[in-house]
There are 2 protein chains.
Amino acid sequence: MRMTRQRRIILDELRKTKDHPTADMLYQSVRRHLPRISLGTVYRNLEILAEAGMIRKLEFGGASRMRFDATVSRHSHIRCVACGRIDDFPLDPDLNPEEYTAGINGYEVLGYNLEFYGRCPACKAKVK
Amino acid sequence: MRMTRQRRIILDELRKTKDHPTADMLYQSVRRHLPRISLGTVYRNLEILAEAGMIRKLEFGGASRMRFDATVSRHSHIRCVACGRIDDFPLDPDLNPEEYTAGINGYEVLGYNLEFYGRCPACKAKVK
DNA sequence: AAAATAATAGTAATGATTACTATTACTGAA
DNA sequence: TTCAGTAATAGTAATCATTACTATTATTTT
Ligand SMILES: [Mn+2]
Ligand SMILES: [Mn+2]
Ligand SMILES: [Zn+2]
Ligand SMILES: [Zn+2]
(Lines give C-alpha, C1' and ligand atoms only; values in the text may rest on other atoms or scores of the structure.)
(Ligands and ions follow the chains in the order given, each with its own letter.)
Protein backbone atom coordinates (compact mmCIF):
# COMPACT_ATOMS: atom_id res chain seq x y z
CA MET A 1 0.00 0.00 0.00
CA ARG A 2 1.47 3.30 -1.06
CA MET A 3 1.06 6.12 1.41
CA THR A 4 -0.05 8.74 -1.05
CA ARG A 5 -0.51 12.38 -0.19
CA GLN A 6 -4.26 11.87 -0.31
CA ARG A 7 -4.20 8.83 1.94
CA ARG A 8 -1.88 10.52 4.42
CA ILE A 9 -4.05 13.60 4.75
CA ILE A 10 -7.27 11.61 5.08
CA LEU A 11 -5.70 9.63 7.91
CA ASP A 12 -4.34 12.76 9.57
CA GLU A 13 -7.67 14.56 9.41
CA LEU A 14 -9.47 11.59 10.91
CA ARG A 15 -6.90 11.41 13.70
CA LYS A 16 -7.34 15.09 14.46
CA THR A 17 -10.91 14.71 15.61
CA LYS A 18 -12.59 12.91 18.44
CA ASP A 19 -15.81 12.94 16.44
CA HIS A 20 -16.81 10.02 14.32
CA PRO A 21 -17.14 11.76 11.00
CA THR A 22 -18.92 10.55 7.89
CA ALA A 23 -17.04 10.20 4.60
CA ASP A 24 -18.48 13.48 3.45
CA MET A 25 -17.49 15.36 6.60
CA LEU A 26 -13.97 14.08 6.13
CA TYR A 27 -14.11 15.03 2.46
CA GLN A 28 -14.89 18.60 3.47
CA SER A 29 -11.93 18.90 5.84
CA VAL A 30 -9.49 17.12 3.52
CA ARG A 31 -10.48 19.52 0.75
CA ARG A 32 -8.98 22.37 2.70
CA HIS A 33 -5.60 20.73 2.08
CA LEU A 34 -6.27 19.10 -1.28
CA PRO A 35 -8.92 21.12 -3.10
CA ARG A 36 -8.97 18.74 -6.07
CA ILE A 37 -9.47 15.45 -4.22
CA SER A 38 -12.59 13.55 -5.14
CA LEU A 39 -15.16 12.05 -2.80
CA GLY A 40 -14.57 8.65 -4.36
CA THR A 41 -10.93 8.82 -3.33
CA VAL A 42 -11.97 9.53 0.24
CA TYR A 43 -14.29 6.52 0.28
CA ARG A 44 -11.73 4.24 -1.34
CA ASN A 45 -8.98 5.20 1.05
CA LEU A 46 -11.14 4.92 4.12
CA GLU A 47 -12.00 1.41 3.00
CA ILE A 48 -8.33 0.54 2.43
CA LEU A 49 -7.22 2.03 5.74
CA ALA A 50 -9.95 0.10 7.56
CA GLU A 51 -8.92 -3.08 5.76
CA ALA A 52 -5.35 -2.48 6.94
CA GLY A 53 -6.58 -2.06 10.51
CA MET A 54 -5.39 1.53 10.75
CA ILE A 55 -8.87 2.93 11.29
CA ARG A 56 -12.32 1.56 12.07
CA LYS A 57 -15.43 1.74 9.98
CA LEU A 58 -18.60 2.04 12.06
CA GLU A 59 -22.09 1.25 10.87
CA PHE A 60 -24.87 1.89 13.29
CA GLY A 61 -28.34 0.47 13.11
CA GLY A 62 -30.80 3.20 12.30
CA ALA A 63 -28.21 5.64 11.01
CA SER A 64 -27.91 5.74 7.26
CA ARG A 65 -24.30 6.83 6.90
CA MET A 66 -21.11 5.10 7.89
CA ARG A 67 -18.84 6.70 10.42
CA PHE A 68 -15.09 6.48 10.78
CA ASP A 69 -12.95 6.23 13.87
CA ALA A 70 -9.19 6.70 14.27
CA THR A 71 -9.28 4.74 17.52
CA VAL A 72 -8.88 1.08 16.67
CA SER A 73 -8.89 -0.38 20.16
CA ARG A 74 -12.13 -2.05 21.17
CA HIS A 75 -14.72 0.33 22.55
CA SER A 76 -18.41 1.06 22.20
CA HIS A 77 -20.29 4.19 21.28
CA ILE A 78 -23.25 6.22 22.38
CA ARG A 79 -25.40 8.10 19.89
CA CYS A 80 -27.55 11.10 20.74
CA VAL A 81 -31.09 10.41 19.61
CA ALA A 82 -31.71 14.14 19.18
CA CYS A 83 -28.75 15.36 17.15
CA GLY A 84 -26.99 12.20 15.96
CA ARG A 85 -23.71 12.99 17.66
CA ILE A 86 -21.60 9.93 18.46
CA ASP A 87 -19.18 9.66 21.36
CA ASP A 88 -16.98 6.94 22.73
CA PHE A 89 -18.43 4.73 25.41
CA PRO A 90 -15.76 2.73 27.26
CA LEU A 91 -16.96 -0.72 28.24
CA ASP A 92 -16.49 -2.31 31.61
CA PRO A 93 -16.14 -6.07 30.97
CA ASP A 94 -17.73 -6.87 34.31
CA LEU A 95 -20.89 -4.90 33.66
CA ASN A 96 -23.84 -6.11 31.66
CA PRO A 97 -25.53 -3.56 29.43
CA GLU A 98 -28.43 -2.93 31.83
CA GLU A 99 -26.03 -1.66 34.45
CA TYR A 100 -24.73 1.33 32.52
CA THR A 101 -26.98 3.90 34.10
CA ALA A 102 -24.41 6.53 34.99
CA GLY A 103 -24.17 9.31 32.47
CA ILE A 104 -20.93 8.57 30.66
CA ASN A 105 -19.51 11.59 28.87
CA GLY A 106 -22.37 13.64 30.29
CA TYR A 107 -24.92 11.65 28.33
CA GLU A 108 -28.27 10.56 29.64
CA VAL A 109 -28.37 6.84 28.75
CA LEU A 110 -31.75 5.84 27.35
CA GLY A 111 -31.00 2.31 26.16
CA TYR A 112 -28.81 0.08 24.08
CA ASN A 113 -28.75 -2.24 21.12
CA LEU A 114 -26.94 -5.53 21.37
CA GLU A 115 -26.57 -7.77 18.38
CA PHE A 116 -24.46 -10.84 17.90
CA TYR A 117 -22.86 -12.24 14.82
CA GLY A 118 -21.60 -15.68 14.01
CA ARG A 119 -22.13 -18.59 11.68
CA CYS A 120 -25.43 -20.36 11.30
CA PRO A 121 -25.72 -24.17 11.36
CA ALA A 122 -26.02 -24.41 7.58
CA CYS A 123 -22.94 -22.28 6.91
CA LYS A 124 -20.95 -24.09 9.60
CA ALA A 125 -21.69 -27.37 7.83
CA LYS A 126 -20.70 -26.04 4.41
CA VAL A 127 -17.07 -24.95 4.69
CA LYS A 128 -16.32 -26.70 8.03
CA MET B 1 -55.80 3.44 11.70
CA ARG B 2 -57.92 1.50 9.27
CA MET B 3 -57.11 -2.18 9.02
CA THR B 4 -57.20 -2.40 5.27
CA ARG B 5 -56.95 -5.62 3.34
CA GLN B 6 -53.38 -4.73 2.38
CA ARG B 7 -52.34 -3.91 5.94
CA ARG B 8 -53.96 -7.08 7.28
CA ILE B 9 -52.19 -9.34 4.81
CA ILE B 10 -48.82 -7.68 5.32
CA LEU B 11 -49.17 -8.24 9.06
CA ASP B 12 -50.31 -11.83 8.58
CA GLU B 13 -47.46 -12.67 6.25
CA LEU B 14 -44.92 -11.22 8.65
CA ARG B 15 -46.42 -13.21 11.50
CA LYS B 16 -46.24 -16.41 9.50
CA THR B 17 -42.47 -16.45 9.40
CA LYS B 18 -39.76 -16.75 12.01
CA ASP B 19 -37.38 -15.10 9.60
CA HIS B 20 -36.75 -11.40 9.72
CA PRO B 21 -37.70 -10.47 6.18
CA THR B 22 -36.84 -7.33 4.27
CA ALA B 23 -39.60 -5.15 2.84
CA ASP B 24 -39.01 -6.68 -0.55
CA MET B 25 -39.19 -10.27 0.69
CA LEU B 26 -42.50 -9.40 2.31
CA TYR B 27 -43.65 -7.70 -0.87
CA GLN B 28 -43.04 -10.95 -2.75
CA SER B 29 -45.11 -13.05 -0.38
CA VAL B 30 -47.90 -10.51 -0.04
CA ARG B 31 -48.16 -10.37 -3.83
CA ARG B 32 -49.28 -13.97 -3.88
CA HIS B 33 -52.46 -12.73 -2.16
CA LEU B 34 -52.68 -9.24 -3.62
CA PRO B 35 -51.01 -9.23 -7.03
CA ARG B 36 -51.61 -5.52 -7.53
CA ILE B 37 -50.14 -4.21 -4.27
CA SER B 38 -47.25 -1.80 -4.65
CA LEU B 39 -43.93 -1.91 -2.89
CA GLY B 40 -44.55 1.59 -1.55
CA THR B 41 -47.68 0.34 0.20
CA VAL B 42 -45.66 -2.38 1.87
CA TYR B 43 -43.09 0.10 3.12
CA ARG B 44 -45.72 2.56 4.31
CA ASN B 45 -47.69 -0.04 6.20
CA LEU B 46 -44.64 -1.59 7.81
CA GLU B 47 -43.76 1.88 9.05
CA ILE B 48 -47.29 2.46 10.39
CA LEU B 49 -47.46 -0.95 12.05
CA ALA B 50 -44.09 -0.38 13.70
CA GLU B 51 -45.25 3.06 14.86
CA ALA B 52 -48.30 1.41 16.42
CA GLY B 53 -46.08 -1.09 18.21
CA MET B 54 -47.57 -4.06 16.40
CA ILE B 55 -44.29 -5.06 14.77
CA ARG B 56 -40.64 -4.13 15.11
CA LYS B 57 -38.38 -2.54 12.56
CA LEU B 58 -34.78 -3.74 12.81
CA GLU B 59 -31.77 -1.97 11.40
CA PHE B 60 -28.46 -3.70 11.79
CA GLY B 61 -25.08 -2.08 11.50
CA GLY B 62 -23.36 -3.31 8.38
CA ALA B 63 -26.50 -4.62 6.74
CA SER B 64 -27.95 -2.31 4.15
CA ARG B 65 -31.60 -3.29 4.32
CA MET B 66 -34.08 -3.01 7.14
CA ARG B 67 -35.66 -6.12 8.55
CA PHE B 68 -39.04 -6.63 10.13
CA ASP B 69 -40.07 -8.72 13.09
CA ALA B 70 -43.53 -9.77 14.25
CA THR B 71 -42.18 -10.42 17.75
CA VAL B 72 -42.38 -7.18 19.67
CA SER B 73 -41.10 -8.36 23.04
CA ARG B 74 -37.51 -7.39 23.80
CA HIS B 75 -34.95 -9.76 22.38
CA SER B 76 -31.68 -9.61 20.50
CA HIS B 77 -30.57 -11.15 17.24
CA ILE B 78 -27.68 -13.04 15.76
CA ARG B 79 -26.66 -12.59 12.15
CA CYS B 80 -24.74 -15.13 10.12
CA VAL B 81 -21.67 -13.44 8.67
CA ALA B 82 -21.66 -15.90 5.78
CA CYS B 83 -25.24 -15.86 4.49
CA GLY B 84 -26.89 -12.92 6.26
CA ARG B 85 -29.55 -15.00 7.96
CA ILE B 86 -30.92 -13.47 11.15
CA ASP B 87 -32.27 -15.44 14.10
CA ASP B 88 -33.58 -14.55 17.51
CA PHE B 89 -31.11 -14.44 20.35
CA PRO B 90 -32.83 -14.43 23.76
CA LEU B 91 -30.99 -12.28 26.30
CA ASP B 92 -30.22 -13.25 29.84
CA PRO B 93 -30.26 -10.01 31.85
CA ASP B 94 -27.66 -11.37 34.24
CA LEU B 95 -25.11 -12.17 31.58
CA ASN B 96 -22.75 -9.66 30.06
CA PRO B 97 -22.18 -9.95 26.32
CA GLU B 98 -18.78 -11.66 26.68
CA GLU B 99 -20.42 -14.58 28.41
CA TYR B 100 -22.61 -15.73 25.54
CA THR B 101 -20.27 -18.41 24.31
CA ALA B 102 -22.72 -21.30 24.02
CA GLY B 103 -24.04 -21.78 20.51
CA ILE B 104 -27.55 -20.43 20.74
CA ASN B 105 -29.82 -21.73 17.96
CA GLY B 106 -26.94 -23.85 16.72
CA TYR B 107 -24.90 -20.77 15.86
CA GLU B 108 -21.21 -20.41 16.43
CA VAL B 109 -20.95 -17.04 18.19
CA LEU B 110 -18.09 -14.95 16.80
CA GLY B 111 -18.73 -11.63 18.49
CA TYR B 112 -21.18 -8.86 19.21
CA ASN B 113 -21.88 -5.19 18.70
CA LEU B 114 -23.10 -3.14 21.59
CA GLU B 115 -24.13 0.45 21.11
CA PHE B 116 -25.89 2.80 23.45
CA TYR B 117 -28.20 5.66 22.72
CA GLY B 118 -29.23 8.62 24.78
CA ARG B 119 -29.11 12.38 24.88
CA CYS B 120 -25.91 14.34 24.73
CA PRO B 121 -25.16 17.20 27.14
CA ALA B 122 -26.03 19.87 24.57
CA CYS B 123 -29.40 18.35 23.70
CA LYS B 124 -30.21 17.73 27.35
CA ALA B 125 -29.68 21.42 28.02
CA LYS B 126 -31.81 22.54 25.10
CA VAL B 127 -35.30 21.13 25.74
CA LYS B 128 -34.70 20.15 29.41
C1' DA C 1 -76.14 10.51 -1.20
C1' DA C 2 -72.56 13.93 -0.52
C1' DA C 3 -68.60 15.40 1.75
C1' DA C 4 -64.56 14.42 4.28
C1' DT C 5 -60.87 11.54 5.08
C1' DA C 6 -57.63 7.68 4.60
C1' DA C 7 -55.22 4.64 1.83
C1' DT C 8 -53.66 2.94 -2.48
C1' DA C 9 -50.98 2.03 -7.03
C1' DG C 10 -47.77 3.69 -9.80
C1' DT C 11 -44.09 6.46 -10.57
C1' DA C 12 -40.42 9.78 -9.65
C1' DA C 13 -36.95 11.50 -6.64
C1' DT C 14 -33.36 10.97 -3.12
C1' DG C 15 -28.94 10.11 -1.42
C1' DA C 16 -25.21 7.44 0.21
C1' DT C 17 -22.17 4.36 -1.69
C1' DT C 18 -19.83 1.81 -5.37
C1' DA C 19 -18.25 1.05 -10.08
C1' DC C 20 -16.07 2.59 -14.13
C1' DT C 21 -12.53 4.84 -17.01
C1' DA C 22 -9.17 7.65 -18.85
C1' DT C 23 -5.29 9.92 -16.91
C1' DT C 24 -1.52 10.65 -13.66
C1' DA C 25 2.03 9.24 -10.30
C1' DC C 26 5.12 6.19 -8.48
C1' DT C 27 8.34 2.13 -8.55
C1' DG C 28 12.15 -0.58 -9.60
C1' DA C 29 14.79 -2.99 -12.92
C1' DA C 30 17.66 -2.45 -17.37
C1' DT D 1 17.81 8.01 -17.10
C1' DT D 2 14.63 5.61 -19.60
C1' DC D 3 10.84 2.83 -19.61
C1' DA D 4 7.60 -0.57 -18.70
C1' DG D 5 4.52 -2.15 -15.12
C1' DT D 6 1.53 -1.05 -11.53
C1' DA D 7 -1.14 1.64 -8.21
C1' DA D 8 -3.88 5.47 -7.38
C1' DT D 9 -6.53 9.37 -8.73
C1' DA D 10 -10.33 12.66 -10.46
C1' DG D 11 -14.43 12.86 -12.41
C1' DT D 12 -18.46 10.85 -13.63
C1' DA D 13 -22.05 7.34 -14.02
C1' DA D 14 -24.55 3.62 -12.02
C1' DT D 15 -26.78 1.25 -8.13
C1' DC D 16 -30.31 0.40 -5.08
C1' DA D 17 -33.00 0.70 -0.91
C1' DT D 18 -36.05 3.89 0.71
C1' DT D 19 -39.10 7.96 0.58
C1' DA D 20 -41.96 11.39 -1.65
C1' DC D 21 -45.47 12.65 -4.77
C1' DT D 22 -49.98 12.42 -7.08
C1' DA D 23 -54.06 11.13 -9.16
C1' DT D 24 -57.40 7.69 -8.10
C1' DT D 25 -60.07 4.59 -5.14
C1' DA D 26 -62.10 3.07 -0.79
C1' DT D 27 -64.09 3.90 3.57
C1' DT D 28 -66.34 6.53 7.04
C1' DT D 29 -69.19 10.39 8.67
C1' DT D 30 -72.88 13.58 8.24
MN1 LIG E 1 -14.85 5.77 18.88
MN1 LIG F 1 -36.65 -11.40 16.25
ZN1 LIG G 1 -27.38 15.72 20.95
ZN1 LIG H 1 -25.41 -18.75 7.30
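Model, not experiment: these values are computed from the prediction. First the proteins, then the strands, lettered A, B, ... as listed; each starts at 1.
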Across the strands shown, which category fits [X] at heavy-atom distances under 4.0 angstrom: base, sugar-phosphate, nothing?
| X | value |
| --- | --- |
| B:Thr41 | base |
| A:Asn45 | sugar-phosphate |
| B:Arg44 | base |

Practice task
Compute the centroid of each ring, for A:Tyr100 and then for A:Phe89, and state whether the two points are separated by less than 6.0 Å.
Solution key: yes

Output the rounded distance in Å from [atom1] ([X]) to [atom2] ([N]).
| X | N | atom1 | atom2 | result |
| --- | --- | --- | --- | --- |
| A:Met25 | C:dA16 | CE | P | 12 Å |
| B:Leu49 | C:dA7 | CG | P | 11 Å |
| A:Arg67 | C:dA16 | CZ | C1' | 13 Å |
| A:Arg7 | C:dT24 | CZ | P | 20 Å |
| A:Met66 | C:dA16 | CE | C1' | 8 Å |
| A:Leu46 | C:dT18 | CG | C1' | 14 Å |

Completion exercise
The answer to which of A:Gly40 and A:Gln6 contacts DNA chain D further toward the 5' end, by nearest nucleotide, is A:Gln6

Problem - B:Ser38: side chain to side chain contact (heavy atoms under 4.5 Å, CB included) partners, not counting sequence neighbours - result: B:Thr41

Fill in the blank from the handout: Sorted by chain and number, sequence neighbours left out, side chain to side chain contact (heavy atoms under 4.5 Å, CB included) with B:Asp88 holds for B:His20, B:Asp69, B:His75, B:His77

Problem - Range on DNA chain D touched by chain B, heavy atoms, distance below 4.0 Å - result: D:dA17 to D:dT27

Exercise for the section: Just compare C:dT18, C:dT27, C:dA7 and give me whichever is closest to any side-chain atom of A:Arg2. Expected result: C:dT27

Practice task
Considering just the side-chain nitrogens and oxygens of A:Tyr43, establish if one lies under 4.0 Å of OP1 or OP2 belonging to C:dT17.
Solution key: yes

Handout entry: Within 45° cone of A:Tyr43 ring axis and under 6.0 Å: A:Arg65 NZ or CZ
Key = no

Handout entry: Nearest-nucleotide comparison on DNA chain C, the residue closer to the 5′ end among B:Ile48 and A:Leu39
Key = B:Ile48

Exercise for the section: Apply side-chain contact (heavy atoms from CB on, under 4.5 Å) to B:Met1 and B:Arg7, showing your working. Expected result: CA-CA 10 Å; B:Met1 184 183 63; B:Arg7 194 163 291 161; 2.9 Å; yes

Problem - Sidechain-backbone polar pair: A:Arg119 side chain, B:Ala82 backbone, donor-acceptor under 3.5 Å - result: no

Handout entry: Full working for salt bridge (Lys or Arg N to Asp or Glu O under 4.0 Å) between A:Glu47 and A:Arg44
Key = CA-CA 5 Å; A:Glu47 190 63 45; A:Arg44 184 166 22 78; over 6 Å; no

